[in-house]
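We use all heavy atoms of the structure for the numbers below, so side chains are in, but hydrogens, waters and symmetry mates are not.
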Amino acid sequence: MAASMPNVEGKSSSKPKDINFDDIVVDINFHPEKDVIASSSIEGDVFLHTYSTSSENNLLMKLSNHKKSCRVLRFSPDGEELHSASKDKSFCTVDLNNGALKRKVKNAHESPIYSMLVSGDNFLVTGDDDGYLKLWDLRQQKAVMEVRESEEYISDLAIDDQKRTLLATSGEGTLTAFNIRRKKMDVQSELFDSEFLSLAIIKRGQKVVCGCGMGELNIFSWGEWGNISDRFPGHPMSVDCMVALSDDVICTGSFDGLIRAVNILPNRFLGVVGEHPGDLPVENLSLSRDKKWLASCSHDQKIKFWDIDCIKNETVNEKSRAKKGGKNKFLKSSDKGDFFADLAADENDASTSGQGNDDDDDDDSEDEDEDSDDDENGE
C-alpha cells in the first residue's frame, strides 16, 4: 500500500470507529451485501474498508485509477463491481473479486463528471459540470443517450423502482424528469432562485425532496414536476446531501457540518444525528444495507458512523406544533449524548425566552407546511 494508507480510531464500541485519511474524503458508499464501505478522495484514490463494532476496521483495497479527484463512486447491485467517476472526465469499473480494472472510459464527458447513478446491472448514468447527462449501456460500453437540459452542473440523480423515470437536479435550480425508455426529457421544473443540490424519493415513491443552496427543502409530487407542492425552510445553510431513512424520514447533510433527521409531511426537524466539528461541510452520506448505520464524510478527512436505528421509526403527531430548537437538538445517535442534548435544548429555550411572539425557523416552517398550497405558485 502507498504511504498515505488510512488509519482508524474511535471512542465507542457501540458503533464502528471513525476511519481517518490523509486527504479529504469526497464520497462514500456502503456495500449492498457485506460490511464494507467504499470511499474516494480528493486525490483520486478509492479505498475499501471493513467496518465493525467488535473489531478494528480493516483496509481491504486501495485503487488509484484516476488522475484527479474521484467525485462519486457506486457499487453494482450485486456488489461484485465498483464504479467510480472523476474530475478527470473518466469513469472506471473495478472487479472486486481481484481488484482488476474491468473498464475505463477516458473522456467520457467533455467536462468533469459531477454525479453518477447505477441503474440495474447494465446501465450507468453520469452528469457533468456543464449540465450534460449521459446514459451508458455497459454491455456496449457506449452512451445510448446524451442530453443537455441544464446550463449548470448535474448535482444529483435518482431513479424510480421501475427504472422508468430518471430525476436530475442542477446547480441552476431545476429538477428534470427523463423518460429512460424513450431516452428523452419528460418535464423540467420552473427555474428556482436557489441551486438544487440533492434529492431523495420518499412516501412510497409519491414525493421527491430536493435540498437547496439556501437551506430549504423543496417537495414535489411524483409526476407533477413543473412546480413544488410544498416547501420546508429551516436549515441555516445549504443542504448538500441527503438520504431517505424511511418513507417519512430523511437525513440531511448541511454546509454547517450538522447531519439532521427530518420528517417530511408533516414537516418537522427531529434533531441532530451527528456532526463534523469545526463547521466543516458534510460532503456526503450513505445508508448501510441493514439501515442501521449512517456514514458521513467531511473536510476533516474521516468517515464517521451514526447509529440511526432509533430514528427511522420516529413518528410525528400531525396535530401538534413543531418544537422550538428541534433542528439543533442532539439525538442519542450523536456523540454528544443525552446530557448535551438536554443542555442544547436548555440553551435554546434561554435564547428564545423574552422574545415576545417571534417564532424560530421550526415554527415558521411549520406555518408554511400547514398551508402548502400557498407555495405552489410563489417561487
Side-chain angles (χ1 to χ4, degrees), residues 27 29-33 38 71-85 91-94 96 102-103 105 108-109 113-128 131-150 154-170 174-189 196 198-211 219-226 241-247 250 264 284-289 291:
D27 196 18
N29 194 224
F30 277 105
H31 193 281
E33 301 291 341
R71 289 178 164 181
V72 58
L73 76 171
R74 296 289 182 269
F75 285 102
S76 61
D78 60 8
E80 296 293 313
E81 297 177 345
L82 181 65
H83 307 285
S84 60
F91 73 83
C92 297
T93 303
V94 171
L96 295 180
K102 182 177 181 179
R103 176 187 303 110
V105 179
H109 286 250
I113 299 175
Y114 195 97
S115 55
M116 180 174 65
L117 176 142
V118 176
S119 178
D121 296 325
N122 300 313
F123 292 95
L124 196 70
V125 183
T126 52
D128 70 22
Y132 283 93
L133 185 145
K134 293 186 179 184
L135 172 66
W136 300 86
D137 188 332
L138 299 179
R139 297 165 297 186
Q140 304 178 49
Q141 299 199 55
K142 70 175 185 179
V144 294
M145 179 180 81
E146 180 178 352
V147 293
R148 190 193 188 204
E149 301 294 346
S150 303
I154 304 298
S155 56
D156 203 0
L157 299 163
I159 196 167
D160 65 334
D161 291 339
Q162 291 73 38
K163 314 298 184 191
R164 294 178 180 176
T165 302
L166 173 70
L167 302 177
T169 49
S170 78
T174 57
L175 173 68
T176 307
F178 296 91
N179 186 311
I180 287 294
R181 296 183 179 180
R182 295 182 180 179
K183 299 180 175 59
K184 65 177 185 178
M185 182 186 78
D186 269 348
V187 182
Q188 185 174 75
S189 73
F196 280 21
S198 53
L199 78 158
I201 300 173
I202 59 168
K203 300 290 184 181
R204 295 164 294 282
Q206 296 303 304
K207 296 289 183 178
V208 174
V209 184
C210 298
I219 304 169
F220 291 82
S221 294
W222 189 268
E224 301 175 11
W225 309 119
C241 51
M242 69 171 66
V243 296
L245 300 190
S246 67
D247 277 334
I250 63 172
I264 302 297
N284 269 302
L285 300 170
S286 184
L287 184 65
S288 65
R289 70 186 190 284
K291 297 187 177 181

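- Side chain to side chain, T169 and S155 meet the donor-acceptor criterion of an N or O pair below 3.5 Å.
- Between the N179 side chain and the K183 main chain, no donor and acceptor come within less than 3.5 Å of each other.
- The shortest non-hydrogen separation linking L157 to G127 is CD1-N, 4.5 Å.
- Checking side-chain atoms of R148 against main-chain N and O of G131 turns up no donor-acceptor pair under 3.5 Å.
- Put simply, the side chain of K203 gets close to the backbone of I264: a donor and an acceptor are under 3.5 Å apart.
- Side-chain contact between I180 and R164: absent, with no pair of heavy atoms (C-beta onward) separated by less than 4.5 Å.
- In the model, H83 has no side-chain atom that pairs as donor or acceptor with a side-chain atom of S76 under 3.5 Å.
- Considering only heavy atoms from C-beta on, S288 stays 4.5 Å or farther from H31 through its side chain.
- Using a cutoff of 4.0 Å between basic side-chain nitrogens and carboxylate oxygens, D247 and R204 are scored as salt-bridged.
- One N or O on the side chain of D27 and one on the backbone of L73 form a donor-acceptor pair closer than 3.5 Å.
- D128 places no side-chain N or O within 3.5 Å of a backbone atom of L133 that could act as its donor or acceptor partner.
- W225 has its side chain within reach of L175: a pair of non-hydrogen atoms, C-beta onward, lies under 4.5 Å apart.
- Atoms CG and CZ, from L117 and R74 in turn, are 7.5 Å apart once rounded to the nearest 0.5 Å.
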Start with the C-alpha gap between T176 and M185, add the side-chain angles, then the distance that decides, and say whether side chain to side chain contact (heavy atoms under 4.5 Å, CB included) holds.
CA-CA 7 Å; T176 307; M185 182 186 78; 3.6 Å; yes
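- Going from atom CZ of R71 over to atom OG of S84 covers 13.5 Å, rounded to the nearest 0.5 Å.
- Separating the CG atom in D121 from the CG atom in L138 is a distance of 9.5 Å, to the nearest 0.5 Å.
- Taking 4.5 Å as the limit, some side-chain heavy atom of I202 sits within range of a side-chain heavy atom of V209.
- Side-chain contact check for I154 versus Y114: every heavy-atom pair is 4.5 Å or farther apart.
- Expressed to the nearest 0.5 Å, how far CD of Q141 lies from CZ of R103 amounts to 5.0 Å.
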List the steps and the verdict of side chain to side chain contact (heavy atoms under 4.5 Å, CB included) for I250 and V243.
CA-CA 6 Å; I250 63 172; V243 296; over 6 Å; no
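- At least one side-chain heavy atom of F220 sits less than 4.5 Å from a side-chain heavy atom of C210.
- What you find for E80 and D78 is that their closest heavy atoms are N-OD1, 2.9 Å.
- Under a 3.5 Å cut-off, the side chain of D156 and the backbone N or O of L199 do form a donor-acceptor pair.
- Of all the heavy atoms in K207 and I219, the pair that sits closest is CD-CG2, 4.1 Å.
- Here the straight-line distance linking atom CG of D137 with atom CE of M145 works out to 12.5 Å at 0.5 Å rounding.
- Under 4.0 Å is where a charged nitrogen must lie from a carboxylate oxygen, and between K102 and E81 at least one such pair does.
- The number of heavy atoms from other shown groups lying within 6.0 Å of NZ (K184) does not exceed 12.
- You'll find the side chain of S221 stays beyond 4.5 Å of the side chain of Q206, heavy atoms only.
- The two atoms that bring P77 and P32 nearest to each other are O-CG, 3.5 Å, heavy atoms only.
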Could you walk me through whether S115 and V72 pass side chain to side chain contact (heavy atoms under 4.5 Å, CB included), step by step?
CA-CA 6 Å; S115 55; V72 58; 5.7 Å; no
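- Taking the side chain as every heavy atom from C-beta outward, S119 and L124 never approach each other to under 4.5 Å.
- Residues A177 and L167 come closest through the heavy atom pair CB-CD2, 3.8 Å.
- With hydrogens and angles ignored, the 3.5 Å screen pairs no side-chain donor or acceptor of Q188 with any backbone N or O of T174.
- Without hydrogens or angle criteria, S286 side chain to F30 main chain gives a donor-acceptor distance under 3.5 Å.
- Ring-plane geometry between F91 and W136 is classed as perpendicular, the angle between the planes exceeding 60 degrees on a 0 to 90 degree scale with a lower cut at 30.
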Decide side chain to side chain contact (heavy atoms under 4.5 Å, CB included) for F75 and L96; before the verdict, give the C-alpha distance in whole Å, the side-chain angles of both, and the deciding distance to 0.1 Å.
CA-CA 10 Å; F75 285 102; L96 295 180; 3.5 Å; yes
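- Summarising the geometry of F178 relative to V147, their closest heavy-atom pair is CE2-CG2, 3.5 Å, with the distance given to 0.1 Å.
- Panel note: side chain D160, backbone T165; a donor-acceptor pair is recorded below 3.5 Å.
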